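Written below as structure tokens is the structure these notes are about.
Just so it is clear, the model here is predicted, and its values are computed rather than measured.
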Amino acid sequence: APYEGGTDLFWKLQGEAFLLSANLGSVVVIKPCGLGDGPAGAVSLVTGHDDAMLATDHGPIARADVAAVAVAAMLAASTPATLRMDLCSTPGPPTAPAEVLKSAQWPWQK
């Protein structure tokens, strides 16, 4: 493929761009680094942008953690209208979903 990720990631990005430009109100796009099984709240969660974390050593994230962050985004009144983040895990103390949402914001969204 001429670019990292091949055509699958290209079309996923096109879908994200469509959703973010569709004037739907609040849109949160969560891009997990890789999905695994396991309980939520067992590892530290880290966020990034623009696939920058592909070049780092982060592990897969439990589906339960992704779901917890998604629910927190739906329930949080302070979530920006549009938020797009890479979401990965790393060994360490658990991260609260609300903290994940704060760390995923760009400086101008804080």
For Val46 versus His58, what's the shortest heavy-atom pair and its separation?
CG2-CD2, 3.3 Å
With a cutoff of under 4.5 Å between side-chain heavy atoms, which Ile, Leu, Val, Met, Phe, Trp and Tyr residues group with Leu83?
Val28, Ile30, Leu35, Val43, Leu45, Ile61, Val66, Val69, Met85, Leu87, Val100, Leu101
Are Cys88 and Pro32 packed together at the side-chain level, in the sense that at least one heavy-atom pair is separated by less than 4.5 angstrom?
no
Nearest non-hydrogen partners of Pro97 and Ala72, listed with the distance:
CB-CB, 3.6 Å
Closest heavy-atom contact between Arg84 and Lys31?
NH2-NZ, 3.0 Å
Which heavy-atom pair separates Pro60 from Gly36 by the least distance, and what is that distance?
CB-N, 4.3 Å
Nearest heavy-atom contact between Gly92 and Ser44 is C-OG, 3.2 Å
Test question: given the 4.5 Å side-chain rule for I, L, V, M, F, W and Y, name all other residues clustered with Leu13, or answer none.
none
Which residues pass the salt bridge (charged side-chain N to carboxylate O under 4.0 Å, His left out) test with Lys102, sequence neighbours left out?
Glu99
Closest non-hydrogen atom pair between Gly38 and Ala64, with its separation:
O-CB, 3.7 Å
Taking Asp37 for its side chain and Arg63 for its backbone only, find out whether a donor-acceptor pair lies under 3.5 Å.
no
Apply side chain to side chain donor-acceptor pair (under 3.5 Å) to residues Ser103 and Thr47 and explain how you reach the verdict.
CA-CA 7 Å; Ser103 70; Thr47 61; 3.1 Å; yes
